[in-house]
Amino acid sequence: MRVVFGLVLVVGLGLAGFAVYMAQEYIGANREALERERAARAALVPLVEVFVVNRTIKYGEQLSKDDVKLVRFPENAVPDGVFRDPANLFPGDGSDLRTVLRTIDRNEALSRQKVTDPGEIAGVGSLLEPGERAFTIRVDVTSGVSGFLRPGNNVDVYWSGRSQIGDITKLIESAVRIIAIDQSANSELAENRVARTVTVAVSPIQVAALAQAQATGRLSLSLVGSGDTVTTETTDIEINQRELLGIKEAEVVEVEEQRVCTIKTRRGGEVVEVPIDCPNG
């Protein structure tokens, strides 16, 4: 009987130990799962809803409610100017549609920089910032950078003409923004073409300067690189014909005039001047 009791006791202790072991394993596994869940929650980024387009929309097309959808977007990576409120994207009854100013790819976030105000067409006026004016410059194959200009490019404007010191070329405006080529504000022109006019966005005082320059000389454009953020002082760059050809002005040397003294004498019927030494002083 004692042997049976001892055997039962040993088996019971073994089962109890095994149960404790299994409980520890279960608790440890739950703790690890809980820690993983907490780490995953900490790595999650807050999301907000923004409008994207559900198809590729090109320049000049109108934007309708069927062209957009709301998607969740990381809050800390939302682009500037995106639409989040349907009332802002389609105000009023939604009948005044916005027009696309540049191609928007499918699933791309929709921002104010890429569409006009409600009811506006994709014209030059919609591309002007507050305080800006549109000014058109006449160009040709040489002055217009041989057809490589596009709306959205920045250009330096040079004036060539005659001044008081002769023919000169001077940088008069730096890094002005092109908003149209000829009669098109489309920044995605398919082919290079030689423009006849280039329209830029400038301030009213710049309009006056460019108008005066165009009326009194010839304007030429120089394309500014897309990554160039340095603005040049317009008074720093100027060259005249002498500097271009390396012509230096001759140095004027003053030479003391030599004094010549003579006396007049009469010889027969004529008067003759005879040189003599000049008196000092």
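Reckoned from all heavy atoms, side chains included, excluding hydrogens, waters and symmetry mates. Position 1 is the first residue of the sequence; numbering continues from there.
Side-chain contact check for Arg98 versus Phe83: some heavy-atom pair is nearer than 4.5 Å. Side-chain contact between Leu221 and Leu149 is present, with heavy atoms from C-beta onward closer than 4.5 Å. Residues Thr103 and Ile57 are not in side-chain contact: their nearest non-hydrogen atoms beyond the backbone lie 4.5 Å or more apart. Here the side chains of Asp156 and Ser174 are in contact, with some heavy-atom distance below 4.5 Å. The shortest side-chain heavy-atom distance between Arg177 and Glu129 falls under the 4.5 Å cut-off. At a threshold of 4.5 Å between non-hydrogen side-chain atoms, the residues Pro118 and Phe90 do not count as touching.
Residues Arg84 and Leu70 come closest through the heavy atom pair O-CD2, 4.2 Å. Listed here is the closest heavy atom pair of Gly131 and Pro204: O-CD, 3.6 Å. Considering all non-hydrogen atoms of both residues, Leu219 and Gln214 come closest at CD1-CB, 3.9 Å. Across all non-hydrogen atoms, the minimal contact from Ala109 to Pro79 is CB-CG, 4.4 Å. Across Trp159 and Ala213, no two heavy atoms sit closer than the pair NE1-O, 3.0 Å.
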* **CA sep, side-chain torsions, deciding dist, call: Leu101, Val115, side chain to side chain contact (heavy atoms under 4.5 Å, CB included)** => CA-CA 5 Å; Leu101 295 174; Val115 293; 5.7 Å; no
* Which is it for Val176 and Gln206 under the side chain to side chain contact (heavy atoms under 4.5 Å, CB included) test, yes or no, and what are the steps along the way? -> CA-CA 10 Å; Val176 296; Gln206 288 176 307; 4.2 Å; yes
* Asked: Would Val200 and Val198 count as a side chain to side chain contact (heavy atoms under 4.5 Å, CB included) if you check the C-alpha gap in whole Å, the side-chain angles of each, and the deciding distance to 0.1 Å?
  -> CA-CA 7 Å; Val200 295; Val198 170; 4.2 Å; yes
* Report the C-alpha distance between Leu97 and Leu63 in whole Å, list the side-chain angles of each, state the deciding distance to 0.1 Å, and finish with yes or no for side chain to side chain contact (heavy atoms under 4.5 Å, CB included). => CA-CA 6 Å; Leu97 301 180; Leu63 186 74; 5.9 Å; no
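Here Asn240 pairs with Ile165, Ile168, Arg242, Glu243 under the side chain to side chain contact (heavy atoms under 4.5 Å, CB included) rule; sequence neighbours left out. Shown here are the side chain to side chain contact (heavy atoms under 4.5 Å, CB included) partners of Thr99, two or more places apart in sequence or in another chain: Gln62, Thr116, Ala122. Legend: residues meeting side chain to side chain contact (heavy atoms under 4.5 Å, CB included) with Ala209, ordered by chain and number and at least two apart, are Glu173. Partners of Asp85 by salt bridge (charged side-chain N to carboxylate O under 4.0 Å, His left out), not counting sequence neighbours: none found. Listed by chain and number, the residues in a salt bridge (charged side-chain N to carboxylate O under 4.0 Å, His left out) with Asp167 are Arg162 (sequence neighbours excluded).
In the model, Ser220 has no side-chain atom that pairs as donor or acceptor with a side-chain atom of Ser143 under 3.5 Å. A side-chain donor from one of Thr199 and Thr136 sits under 3.5 Å from a side-chain acceptor of the other. Residues Thr142 and Arg218 bring a donor and an acceptor atom of their side chains to less than 3.5 Å of each other.
The NZ atom of Lys170 sits 10.5 Å away from atom OG of Ser163, with the distance rounded to the nearest 0.5 Å. Atom CD1 of Ile181 is separated from atom OG1 of Thr197 by 7.5 Å, given to the nearest 0.5 angstrom. With rounding to the nearest 0.5 angstrom, the CD1 atom of Ile104 is 13.0 Å from the OH atom of Tyr59. Between the CG atom in Leu89 and the NZ atom in Lys65 there is a gap of 9.0 Å [rounded to 0.5 Å]. To the nearest 0.5 Å, atom CZ of residue Arg196 and atom CG of residue Asp182 are 5.5 Å apart.
Clustering of Ile, Leu, Val, Met, Phe, Trp and Tyr side chains at separations under 4.5 Å places Val50 together with Val48, Val52, Val71, Phe73, Val78, Val82.
Of the possible donor and acceptor atoms, one in the side chain of Asn54 sits under 3.5 Å from a partner among the backbone N and O of Asp66. Judged by distance alone, the side chain of Asp67 and the main-chain N or O of Val53 form no donor-acceptor pair under 3.5 Å. Judged by distance alone, with hydrogens and angles left aside, the side-chain atoms of Arg133 form no donor-acceptor pair with the main-chain N or O of Ala201 at under 3.5 Å.
Other residues, nucleotides and ligands contribute more than 12 heavy atoms inside 6.0 Å of the CZ atom of Arg55. Surrounding CG of Asp80 are at most 12 heavy atoms belonging to other residues, nucleotides or ligands under 6.0 Å away.
Tested against Val157 for a side chain to side chain contact (heavy atoms under 4.5 Å, CB included), the candidates Val202, Leu171, Ile172 yield a single pass: Ile172.
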